[in-house]
Amino acid sequence: VQLQACGGGLVQPGGSLRLSCVVPRTLNNAVMGWYRQAPGKQRELVASLTGAGGTNYGDSVKGRFTISRSYAQSMVYLQMNSLQPADTAVYYCHAKKGIHYWGQGTLVTVSS
C-alpha cells in the first residue's frame, strides 16, 4: 500500500498551498494525517482526520491549515494558508489502520 503526496513547492510568506495525497481504497477507514519534518528537527504532527470526521491540529498551524478528505476521489488534502517561513519542511502523508503507512514527502518552502 502506497500513499502518494504532491502539491509542495515554493511560496512567499502569507501565501497558500494545497497538498494532496492519493489514498488507496483499502485505507478508506484509516485515520489520515499529515506530518512534517524541518531540517534538524523531529517529525511532527500537522493535522489528522478520523473516519468519523474528527480533526486534530498541531498548535502552530491551528487556524491556518485545514485537513479534508474526498472519499469519492480517494484523496486527502491539506489546505495551508498564511504560510510562514517556519512552515518550511518536508510534508508527509500518513495513514494508520492497525499499522502506519507513510507516503514519500513533498517539500514546502516558504521564502521571499
Side-chain angles (χ1 to χ4, degrees):
V1 176
Q2 286 193 329
L3 303 172
Q4 300 177 23
C6 63
L10 174 63
V11 63
Q12 292 187 340
S16 298
L17 277 177
R18 188 177 78 159
L19 305 183
S20 302
C21 177
V22 179
V23 183
R25 294 192 184 278
T26 54
L27 295 178
N28 269 354
N29 56 350
V31 176
M32 300 302 303
W34 290 93
Y35 285 73
R36 68 185 182 187
Q37 187 167 19
K41 294 188 176 182
Q42 290 187 333
R43 191 171 296 189
E44 63 175 359
L45 173 70
V46 177
S48 64
L49 175 65
T50 69
T55 57
N56 186 37
Y57 293 93
D59 288 341
S60 62
V61 306
K62 285 180 181 176
R64 300 188 298 122
F65 291 11
T66 303
I67 188 171
S68 62
R69 184 170 192 170
S70 168
Y71 286 94
Q73 297 178 330
S74 297
M75 300 287 286
V76 171
Y77 303 100
L78 183 68
Q79 178 65 42
M80 305 185 294
N81 299 328
S82 301
L83 283 161
Q84 305 164 1
D87 296 314
T88 295
V90 177
Y91 285 71
Y92 297 90
C93 183
H94 171 264
K96 183 180 178 183
K97 184 179 179 181
I99 64 174
H100 296 269
Y101 300 86
W102 293 94
Q104 88 289 359
T106 185
L107 178 62
V108 173
T109 302
V110 184
S111 175
S112 56

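Quick caveat: nothing in here was measured; it's all calculated off a predicted structure. Below, all heavy atoms of this structure are taken into account, side chains as well, without hydrogens, waters or symmetry copies.
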*What orientation do His94 and Trp102 show, parallel under 30°, tilted 30 to 60°, or perpendicular over 60°?*
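It falls in the tilted class, 30° to 60°.
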For [Y], is there any backbone N or O sitting under 3.5 Å from a side-chain donor or acceptor partner on [X]?
X: Tyr57; Y: Ile67; answer: yes
X: Arg69; Y: Val76; answer: no
X: Ser70; Y: Ser74; answer: no
X: Lys97; Y: Asn28; answer: no
X: Thr88; Y: Thr109; answer: no
X: Glu44; Y: Gln37; answer: no

Hydrophobic clusters here meaning ILVMFWY residues chained together by side-chain heavy-atom distances under 4.5 Å, can you tell me if [X] and [Y] are in one?
X: Tyr77; Y: Tyr101; answer: no
X: Leu49; Y: Val31; answer: no
X: Val22; Y: Leu27; answer: no

*Tell me, which pairs form a salt bridge (Lys or Arg N to Asp or Glu O under 4.0 Å) where one or both residues lie in residues 7-29, sequence neighbours left out?*
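Every pair satisfying salt bridge (Lys or Arg N to Asp or Glu O under 4.0 Å) with a residue in residues 7-29: there are none.
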*Could you tell me whether the side chains of Arg64 and Ser16 share a donor-acceptor contact shorter than 3.5 Å?*
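No.
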*Check the pair Ser60, Arg36 against side-chain contact (heavy atoms from CB on, under 4.5 Å), reporting the backbone distance first and the verdict last.*
CA-CA 12 Å; Ser60 62; Arg36 68 185 182 187; 3.1 Å; yes
_Residue pair Leu45, Asn56: steps toward the side-chain contact (heavy atoms from CB on, under 4.5 Å) verdict_ = CA-CA 9 Å; Leu45 173 70; Asn56 186 37; 3.5 Å; yes
*asked:* Strictly under 2.5 Å separating the two SG atoms? Check that for Cys21 and Cys93, please.
replied: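 A disulfide is present here, as the SG pair of Cys21 and Cys93 is separated by less than 2.5 Å.
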*What are the two closest heavy atoms between Pro13 and Ser112, and how far apart are they?*
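Reported closest heavy-atom pair: CD-N, 3.7 Å.
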Nearest 0.5 angstrom please: [X] [atom1] to [Y] [atom2], how far?
X: Gln4; Y: Met75; atom1: CD; atom2: CE; result: 9.5 Å
X: Leu10; Y: Leu83; atom1: CG; atom2: CG; result: 11.0 Å
X: Leu3; Y: Gln104; atom1: CG; atom2: CD; result: 8.5 Å

*Full working for side-chain contact (heavy atoms from CB on, under 4.5 Å) between Val46 and Leu78*: CA-CA 9 Å; Val46 177; Leu78 183 68; 4.0 Å; yes
_Side-chain touch Leu19/Met80, heavy atoms, less than 4.5 angstrom_ =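 In short, these two side chains touch, coming nearer than 4.5 Å.
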*Looking at Tyr92, does the NZ or CZ of Arg43 lie under 6.0 angstrom from its six-membered ring centre and within 45 degrees of the ring axis?*
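Yes; both conditions hold, so Arg43 lies above the ring face of Tyr92.
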*Kindly say whether the aromatic ring centers of Phe65 and Trp34 come within a distance under 6.0 Å.*
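Judged by ring-centre distance (under 6.0 Å), Phe65 and Trp34 do not meet the cut-off.
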